[in-house]
There are 2 protein chains.
Amino acid sequence: MDTRERLIESARELLWERGYVGTSPKAIQERSGAGQGSMYHHFHGKPDLALAAISRSAEELRERAEVQFSGPGPVVDRITAYLRRERDVLKGCPVGRLTQDPDVMSDPDLRRPVAETFAWLTDRLATLLAEGRANGELDARLDPAATAGALVAVLQGGYVLARAAGSPEAFAQAVDGAVGLLAGHVRRGGE
Amino acid sequence: MDTRERLIESARELLWERGYVGTSPKAIQERSGAGQGSMYHHFHGKPDLALAAISRSAEELRERAEVQFSGPGPVVDRITAYLRRERDVLKGCPVGRLTQDPDVMSDPDLRRPVAETFAWLTDRLATLLAEGRANGELDARLDPAATAGALVAVLQGGYVLARAAGSPEAFAQAVDGAVGLLAGHVRRGGE
DNA sequence: GTCTATACCTGGATAGAC
DNA sequence: GTCTATCCAGGTATAGAC
């Protein structure tokens, strides 16, 4: 991995752990093993490097989600698999945590990947839910867009609860609750 | 409002807007109109003042929630009223946002009010759901604790989605989804 | 209780040598 | 491409006068 790459990866980790305000160029340099001049050679400054790091985190989130979404089986199973997928729960969501950072949200460039990620995720889930409704897996009364929003919110909120409790268990419980609520709308064998 | 009080209120606002790392003693002093010496007379330092501010935000959250929880009517209506209560959506949750702050979570004193608030909230909702199940309002298959976790998570995650989208609409949609999912488990007239 | 002065460290960046 | 020197603002706190 070359220097530029190590800078991006280190920035990604620090942004995840400490957010934008809590991450200093010096900290990024130390973690990556790059010097001062090296960082400013590859990037114009903190916002520029942060943009590269955030974009990559956003991209990765989408790729990982798509693995579950486009898998085999009934849509309800795919959605459940996505919800229950293994996660670094106590670290939180690398993209979602950025919404709490005023310096990220007030910069249109830094904000865009965050906004696009959640727009895509909610939309993708809504499409799957609509599909499930169309093929009879799901109750016709379920609103795909609203339900998708609720599911994404459960994950994001689950991270908050787990971090507050200091235990991944709180996340798992919230997901269990969501799966349980969804189960009431699943049609079994021509109901 | 005396100086001490103004310091706490200013710290509360700034913690809400910018988090712990993003809030400097100087900024608190400027917003409150108190001088340097004045702040250090009333509080030992930033963590001490933050503890007073966080404790108050936690207390207020509980009081406001309890208004809906202990109101009149069926428990499902009370829970729905709580979920749909008017909120400063784009500002986010003053307590939940602190879970993203490593300096808060690594300090046991600052962390305690955050942990206690969500433990209380989830527990309170679970009690209400159990009550609804016992009196026949809700499907007996619903797990009160897990469902409570999901509902609290929807709110916390709803804030994240709304901030990402830059619009309160995303929060409303997630809540709609949760209410819709819950509706499938409500028993109507001896079902 | 509140003020000003002072101290020391870190944040974020530029300049120019190698 | 990378290094070191340097810069100025801001963060956080203490000391002592009023």
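Residue numbers begin at 1 in each chain, while the letters A, B, ... track the order of the sequences.
For B:Gln36, taking side-chain heavy atoms from C-beta onward, the closest of the listed nucleotides C:dT14, C:dA5, D:dG11 is C:dA5. The side chain of B:Ser38 lies closest to C:dT2, out of D:dT2, C:dG12, C:dT2. Among C:dG1, C:dA13, D:dT12, the nucleotide with an atom closest to any side-chain atom of A:Pro25 is C:dA13.
Note: CG (B:Leu7) to C1' (D:dT12) measures 15 Å, nearest angstrom. In this structure, A:Met39 atom CE and D:dC3 atom C1' are separated by 15 Å, rounded to whole Å. Following rounding to the nearest Å, B:Lys46 (NZ) and D:dT14 (P) show an atom-to-atom distance of 15 Å. A:Ile28 has its CD1 atom 17 Å from the P atom of C:dT10, to the nearest Å. Taking atom NE2 of B:His41 as the reference point, atom C1' of D:dC18 lies 14 Å away to the nearest angstrom. C:dT4 atom P lies 16 Å from atom OH of B:Tyr40, rounded to whole Å. One can place CG of A:Asp2 at 11 Å from C1' of D:dG1, the figure rounded to the nearest angstrom. Taking atom CZ on A:Arg4 and atom P on D:dT2, their separation rounds to 12 Å, with Å as the unit.
Remark: A:Arg87 is positioned above the aromatic ring of A:Tyr82, its terminal NZ or CZ atom under 6.0 angstrom from the ring centre and at most 45 degrees off the axis. At least one test fails for B:Lys91 against the ring of B:Tyr159: distance under 6.0 Å to the centre or angle within 45° of the axis.
For A:His42 and D:dT2, the shortest distance from a side-chain N or O to OP1 or OP2 is below 4.0 Å. The phosphate of C:dG1 has neither OP1 nor OP2 within less than 4.0 Å of any side-chain N or O from B:Thr3.
If A:His44 and A:Lys26 are placed on DNA chain C by their nearest nucleotide, the residue sitting closer to the 5' end is A:Lys26.
In terms of heavy-atom proximity, A:Pro102 sits nearest to B:Arg18 at CG-NH1, 3.6 Å.
Between A:Arg124 and A:Glu66 there is a salt bridge, with a side-chain nitrogen of the basic residue lying less than 4.0 Å from a carboxylate oxygen of the acidic one. With salt bridges taken as basic N to acidic carboxylate O contacts below 4.0 Å, none links B:Arg4 and B:Asp2.
Within the 4.0 angstrom heavy-atom criterion, base atoms lie near B:Gly37.
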